[in-house]
Amino acid sequence: MPELPEVETTVRQIRSALVGQRITGVRVRWAGSVAGRSAGALRRALTGKRIERVSRRGKFFVLDLGQAARGMAHLVGHLRMSGRLWIEREGLPHDAHARVEIGLGRRQRLVFADVRKFGRLYFTQQPEEIFGHLGPEPLSSAFTPTWLAEALGRRRRRIKPLLLDQAFIAGLGNIYTDESLFAARIHPLTLANTLGRAAVSRLTTSIRRVLSAAIRHEGSSFDSYYRTPEGRSGRYQDRLFVYGRGGHPCRRCGTPIVRIVVAQRGTHVCPRCQPTPRLRCRAQRRR
DNA sequence: AGCTACTCCTGGTAGC
DNA sequence: TGCTACCAGGAGTAGC
């Protein structure tokens with residue numbers, strides 16, 4: 001499922017083919033993929049616009065359209081569970097799961113495909129209305145141990161659902177949250193404000209390292225859903241320590257990885273490397 | 001504030 | 001072989 005590394009990989013691989021292109025037309029094959037407006041309205045809004053910039057914010061991809069002087073418009077999208085983007089030659093038979101096709105110059109088109117139909121495209125003048133609530137980018141300079149320690153200290157919440165909360169940090173999903181917590185040797189049920197300075201420091205480093213390594217390996221592909229725009233599977237799934245490895249031996253200590261459910265999400269932990277938080281330890285110390 | 005349940009949706013698979 | 005039932009899961013929302 002596309003998280004930050006998969007969206008980053010996608011954006012990097014479509015950027016050079018898109019920037020400078022003018023949109024020649026739009027075909028919506030599944031109206032539900034377009035948020036907030038009709039297929040016709042999206043076509044009228046996009047047709048004729050020039051793509052100036054392609055970027056990412058959290059798990060959203062962003063196409064900046066038109067000239068800043070005349071007020072930028074933006075095509076923002078979220079791939080959710082099974083969305084994909086790629087560029088192909090105009091005239092090919094369309095993909096079975098193609099939901100929106102955007103005509104470009106040079107007889108090419110940008111395809112937004114999505115098996116499970118959870119993904120969405122938004123056309124907007126005000127992208128902050130769509131992703132303004134997002135927390136900091138974990139690979140930016142704003143994401144520091146100091147910031148994280150302060151932010152965690154204010155939350156009485158289990159660390160895993162907090163890391164999955166896009167308003168807290170942008171871009172982490174189920175896979176990279178489990179991997180980051182394992183790398184930091186933190187149990188997913190630990191209360192955020194009980195983490196010590198050393199643990200917060202490890203967590204900061206782990207999140208950055210896990211995401212960077214996943215980007216270097218073009219993300220993770222488990223099922224047939226995620227492929228890069230160039231058609232390759234990701235390679236990071238072969239390097240995972242816990243996600244999807246329930247019952248298999250921990251790569252660090254050999255203890256079988258356990259799958260539990262936290263906040264309705266499958267969650268993978270090494271019971272030895274990530275000891276269960278003992279909420280009574282304060283009371284015990286007092287005795 | 002933070003938890004759970006529910007919704008959207010399909011392909012894959014377990015069970016019969 | 002072919003059927004049904006169930007599950008995964010990002011994020012928004014409702015209700016407690």
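Naming: A, B, ... by sequence-line order, numbering from 1 per chain. Every value quoted in this text rests on a predicted model; they were computed, and no experiment measured them.
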Which residues in residues 151-160 of chain A have at least one heavy atom lying under 4.0 Å from any atom of DNA chain B?
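The answer is A:Arg155, A:Arg156, A:Arg157, A:Arg158.
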Is a side-chain donor-acceptor pair under 3.5 Å present for A:Tyr236 with A:Glu6?
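Note: A:Glu6 and A:Tyr236 side chains miss the donor-acceptor criterion.
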Decide whether A:Gln13 and A:Glu218 meet the rule of one side-chain donor and one side-chain acceptor closer than 3.5 Å.
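Side-chain D/A pair, A:Gln13 to A:Glu218: present.
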Within the pair [X] and [N], is there a side-chain N or O less than 4.0 Å away from OP1 or OP2?
| X | N | value |
| --- | --- | --- |
| A:His78 | C:dG10 | no |
| A:Tyr243 | C:dA8 | no |
| A:Lys117 | B:dC8 | no |
| A:Gln264 | B:dA5 | yes |
| A:Arg265 | C:dA8 | no |

Please compare A:Ile130 and A:Met81 by the position of their nearest nucleotide in DNA chain C and report the one closer to 5'.
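It is A:Met81, whose closest nucleotide lies nearer the 5' terminus.
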Is A:Arg27 atom CZ crowded by more than 12 heavy atoms from other residues, nucleotides or ligands, each under 6.0 Å away?
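No, the 6.0 Å shell around CZ holds no more than 12 heavy atoms from other groups.
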How long is the line joining [atom1] of [X] and [atom2] of [N], in whole Å?
| X | N | atom1 | atom2 | value |
| --- | --- | --- | --- | --- |
| A:Leu164 | C:dG12 | CG | P | 13 Å |
| A:Leu189 | B:dG2 | CG | C1' | 14 Å |
| A:Phe222 | B:dG12 | CZ | P | 16 Å |
| A:Leu121 | C:dA11 | CG | P | 16 Å |
| A:Arg116 | C:dG10 | CZ | C1' | 11 Å |
| A:Arg84 | B:dT10 | CZ | P | 18 Å |
| A:Tyr226 | C:dG10 | OH | P | 15 Å |
| A:Leu191 | B:dA1 | CG | P | 17 Å |

C:dG10 base stacked by A:Phe118? Criteria: ring centres under 5.5 Å, plane angle under 30°.
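A:Phe118 ring centre within cut-off of C:dG10 base, planes near parallel; stacks.
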In terms of hydrophobic clusters joined by side-chain contacts under 4.5 Å, are A:Tyr225 and A:Ile14 together?
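Per the 4.5 Å side-chain linkage, A:Tyr225 and A:Ile14 are not co-clustered.
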Kindly determine whether A:Asp95 and A:Arg84 satisfy salt bridge (Lys or Arg N to Asp or Glu O under 4.0 Å), including the steps that lead there.
CA-CA 11 Å; A:Asp95 184 273; A:Arg84 286 181 59 197; 5.6 Å; no
Quick check on DNA chain B: between A:Arg99 and A:Ala263, whose nearest nucleotide comes earlier from the 5' end?
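Mapping each residue to its closest nucleotide by heavy atoms, the 5'-most match is A:Ala263.
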From [X] atom [atom1] to [Y] atom [atom2], the distance as rounded to the nearest 0.5 Å:
| X | Y | atom1 | atom2 | result |
| --- | --- | --- | --- | --- |
| A:Ile260 | A:His268 | CD1 | NE2 | 9.5 Å |
| A:Thr190 | A:Leu162 | OG1 | CG | 12.0 Å |
| A:Thr204 | A:Trp147 | OG1 | CH2 | 9.0 Å |

Where along residues 27-43 of chain A does a heavy atom come under 4.0 Å from DNA chain C, residue by residue in number order?
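Per residue number, the list is empty: none.
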Give, ordered by number, those residues of residues 166-176 of chain A having at least one heavy-atom distance below 4.0 Å to an atom of DNA chain C; if nothing qualifies, reply none.
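Heavy-atom cutoff 4.0 Å gives A:Gln166, A:Asn174.
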Would A:Arg252 pass as a cation-pi partner of A:Phe182, given that its NZ or CZ must be under 6.0 Å from the six-membered ring centre and within 45 degrees of the axis?
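Yes.
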State whether the distance check finds a donor on one side and an acceptor on the other, under 3.5 Å, for side chain A:Arg80 versus base C:dA8.
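Counting by modelled atom types and ignoring angles, no donor-acceptor contact under 3.5 Å is found here.
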Give me the one residue out of A:His187, A:Lys160, A:Arg259 that meets side-chain hydrogen bond (donor to acceptor under 3.5 Å, both in side chains) with A:Thr267.
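Only one of A:His187, A:Lys160, A:Arg259 forms a side-chain hydrogen bond (donor to acceptor under 3.5 Å, both in side chains) with A:Thr267, namely A:Lys160.
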Among A:Thr24, A:Leu75, A:Thr47, A:Ile87, side-chain contact (heavy atoms from CB on, under 4.5 Å) partner for A:Ile102:
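Of A:Thr24, A:Leu75, A:Thr47, A:Ile87, side-chain contact (heavy atoms from CB on, under 4.5 Å) with A:Ile102 is met by A:Leu75 alone.
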Between C:dG9, B:dT10, B:dT4, which nucleotide gets closest to the side-chain atoms of A:Val115?
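Closest nucleotide to the A:Val115 side chain: B:dT10.
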Between A:Cys273 and A:Thr255, is there a side-chain heavy-atom distance shorter than 4.5 Å?
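No - every pair of side-chain heavy atoms lies 4.5 Å or more apart.
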Which atom pair, heavy atoms only, marks the closest approach of A:Cys270 to A:Cys253?
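Here A:Cys270 and A:Cys253 meet closest at SG-SG, 3.6 Å.
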